[in-house]
Amino acid sequence: MTEAVRVSGSLRNRLATTLIGGAAVLAILLFFVVRSYAAQIAQQGQDSILGASVTSILDAASVRDGRIEVDFPYASFSMLGTDSDDRIFYAIYQDDQLLSGYDGLPAVDPNVGGDSSYRTAEFQGTPVRLAAATRMLIGADLRTQLTVSVAQTQDSLSGTLNRISRNVAIFGTGFFLLVVLLAFWATSAAIGPLARLTTSVARRGPQDLRPVVSPVPSEMVPLVTSLNSLMARLDQSLGRSEDFIAEAAHRVRTPLATVRSHAEATLQRVDREENRQAMRAMIRAIDESSRAAGQLLDHAMITFRADHLDRQDLDLVDLVQDLAVRLGPIADMRDVDLQVDAPVAVPITGDAILLQNAIRNIVDNALKYAPRESVIHIDVTTSPSPRVTVRDEGPGFPETEIAGLSDRFARGSNADGIIGSGLGLTIAQDVAAAHGGALTLGNHPKGGACVIFSF
Amino acid sequence: MRYIFVLIAALWAQMAIAQDWEDQRLFGDAQAVQTLRILSNTDTRFFAPIIDSFLAARPDVAVTYLVTGSADLYDVFRADPADFDIVISSAMDLQFKLANDGFALAVEGTDHPTWAQWRHSLFAFSTEPAAIAVNRAAFDRVPLPASRQELIQALRARPEVFRGRIGTYDVRQSGLGYLFATQDARASETYWRLTEVMGALDAQLYCCSGAMIDDLVSGKIAVAYNVLGSYASARTDAAAQIEVILPSDFPTTMMRSAFVSRDTDQPDLGRAFIHHLTDLQSDPVRAATFPLPALDQSGQPAITLDPALMTYLDRLKRRTFLQEWESAIIQ
Ligand SMILES: Nc1ncnc2c1ncn2[C@@H]1O[C@H](COP(=O)(O)OP(=O)(O)O)[C@@H](O)[C@H]1O
């Protein structure tokens, strides 16, 4: 069983959050920068008009008969008209003495020389923008300083600013939404190769330890490289241990066969009953060992072949009937009747050697556990899927142990005194799994074990 | 002793608020719950139908309509803004200055064109040209002047007919006269030449259009310059004697305007009146049934509601202008 992987966050979420967060910060920053810039420009616009107005008034000033006249043009004020109908105020001072205009207009410190200076102040309870400038007037016997200041409320300005703010906010939001879409796209594009690698590894068969060959992004190369080398090592050590088992089984079986023939020969020659008894026990032990070795070998072979199935088009009925014929002598020896019930043909694709091995093990078991003079039913059917059902009239599986019986080396409590290694069902199960099928153990309602090998 | 004291105090108070109104009329029930005080420079007969239509749907409201000259109106109102609810005047510049100085209350929700209002507080509601009105008798067998230039020629051609018989506004007294004069001067030099000719012919100076038209009808004067066309045309009784000429060289067109006093204690009634007035005067069909000309919907008139109106109200500018005017008209 694989252990549950501990999860710490998600790359996709982390990437998306970083991108979206960054975009949000950028959008907000953009909003404030553009707005303050726009405010500055709008203010400059108002200032320049106020300045022009002040200049036009100052320029109209003259000294006539020792008296100051300021015959300023109509345009001085008309240029101050705005969409929002801003109120205007002005004052003309001669040496700090109000000549004309609004009394109490806040003072601006005008730089002498004609350049206007500006400030924001409050007049009659509303905020106003003020411009002021000063000019030296020199008459025949008069030398005086004229100061003009013009003020305007800021309704139009704030209207403009609100409009700009609204537009910038809309643009910012649009920009943000676009980046969110892009972020999702970018994250899935970035995560894509990882997901592809995951599915390609997950889709592999349990024994498929080939290296990953499809191209991967450079960042994933170290991961894939170490994955490949891990799999190579695993493959190597698996192969080595299988080789070892096969070799070991083979090496045990051959001398065992020799020992058995010697023991058989000796049995013929021995007369005393107790010696014959001992001899028979010996032969039986040798049989058991050699059978176990054989099954070990089969198991190793199956484990190996499961990865490289030699798939062919087969007829399941043929295969089962062939097997029944071959097992016929053993069945006869035990007075057991093998009854094959099959349709004309059940075509399948699979590895013939493995399937034979698996079904032989199942039928073997039935022969082992069935009582003398009984019938073993072998049914081959096509629906719901191609399957072979083997049913005997023996004691059946011990109900409580069914779940574990197909584990390696697992033997039931009813197996005492019966030759076996606990690998028969394991082999059948592995073969079924390699073919994408299943092995189902159960007991028939009328008694007897019922094993279904399905595809 | 105490009684006498109280009496003197009461009399004193009476005198303090005593004001020579040109006209003063109460519309509606004197016992009404609410009384709207309208300060105006428009002759009562021009405004009475509008007030009547306003009161028609409001039985519990009365209107006190007070009339004075435009310049006087400005001073009276500025002195006690809380004494009046509505201010109506033809002197656009003075009205504008009052609005600019914050004396007007904003009235939202009118669909008045932007060029005919300022800050949602000053509303123009009629379009009235300044006209040359002549007594037909003086132009017997002579063509009528169609422009200021032709008027100058006509006056020069027959000085004996026109000496002492030309009337125009005394711009020192009349706010509207001052507005017309400054706008004329702004538009063309012709104004100064005409003024000089009028001055040379010993022009009569009037406070108001009404008096000028009266003298024109009676034949005391033969020509009235810059008289309100609407007032002259309204004198249907004198249609045979006088002819109203709209000068073809450049028009000087004034918009009568109204606002609600900032210090009014019944702002809602004031606003309702402005709504009524603007709605009425913007609808040429309905306005046609009233003596006051409607607001010309065709667009911006020659004198626009913008800050430049305050130019000639500047003390220095006014002093310079009046000097020039006096030296032209008083010779
Ligand atoms: N036909 C059967 N009837 C009853 N029990 C069976 C049958 N086949 C298998 N078993 C039980 O399942 C166990 C595991 O079977 P198997 O893996 O083939 O090993 P064995 O070599 O012991 O038969 C057996 O020990 C036995 O208890």
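We name chains A, B, ... by the order of the sequence lines, and we start the count at 1 in each one.
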Would you mind checking which part of [X] comes under 4.5 Å of any heavy atom in chain A, side chain (CB onward), backbone (N, CA, C, O), both or neither?
{"X": "Leu309(B)", "answer": "both"}
{"X": "Asp306(B)", "answer": "side chain"}
{"X": "Gln183(B)", "answer": "side chain"}
{"X": "Tyr312(B)", "answer": "side chain"}
{"X": "Arg186(B)", "answer": "side chain"}

Residues of residues 151-161 of chain A near chain B, each having a heavy atom less than 4.5 Å away = Thr153(A), Asp155(A)
query = Which residues, numbered in order, of residues 87-103 of chain A come under 4.5 angstrom of chain B by heavy-atom distance?
reply = Arg87(A), Ile88(A), Phe89(A), Tyr90(A), Ile92(A), Leu98(A), Leu99(A), Ser100(A), Gly101(A), Tyr102(A)
ask   = Does the distance from a Lys or Arg side-chain N to an Asp or Glu carboxylate O, for Asp75(B) and Arg78(B), drop under 4.0 Å?
value = no
ask   = Does Asp265(B) come within less than 4.0 Å of Arg37(B), counting only side-chain N to carboxylate O?
value = yes
task = Answer with yes or no whether the side chains of Arg148(B) and Thr252(B) bring together a donor and an acceptor at under 3.5 Å.
result = yes
inquiry  = If we count only N and O atoms by modelled type, under 3.5 Å, do the side chains of Ser261(B) and Asp263(B) hold a donor and an acceptor together?
reply    = no
request  = Go through Leu80(A), Ile68(A), Asp71(A), Ile57(A) and name the one with the most non-hydrogen pairs under 4.5 angstrom from chain B.
outcome  = Asp71(A)
task = Name the region of Ser76(A), side chain, backbone, both or neither, that has any atom closer than 4.5 Å to a heavy atom of chain B.
result = neither
ask   = In terms of heavy-atom proximity below 4.5 Å to chain B, should Arg67(A) be classed as side chain, backbone, both, or neither?
value = side chain
task = Using the six-membered ring wherever Trp is involved, compare the ring planes of Phe77(B) and Phe103(B) and label them parallel, tilted or perpendicular (cut-offs 30° and 60°).
result = perpendicular
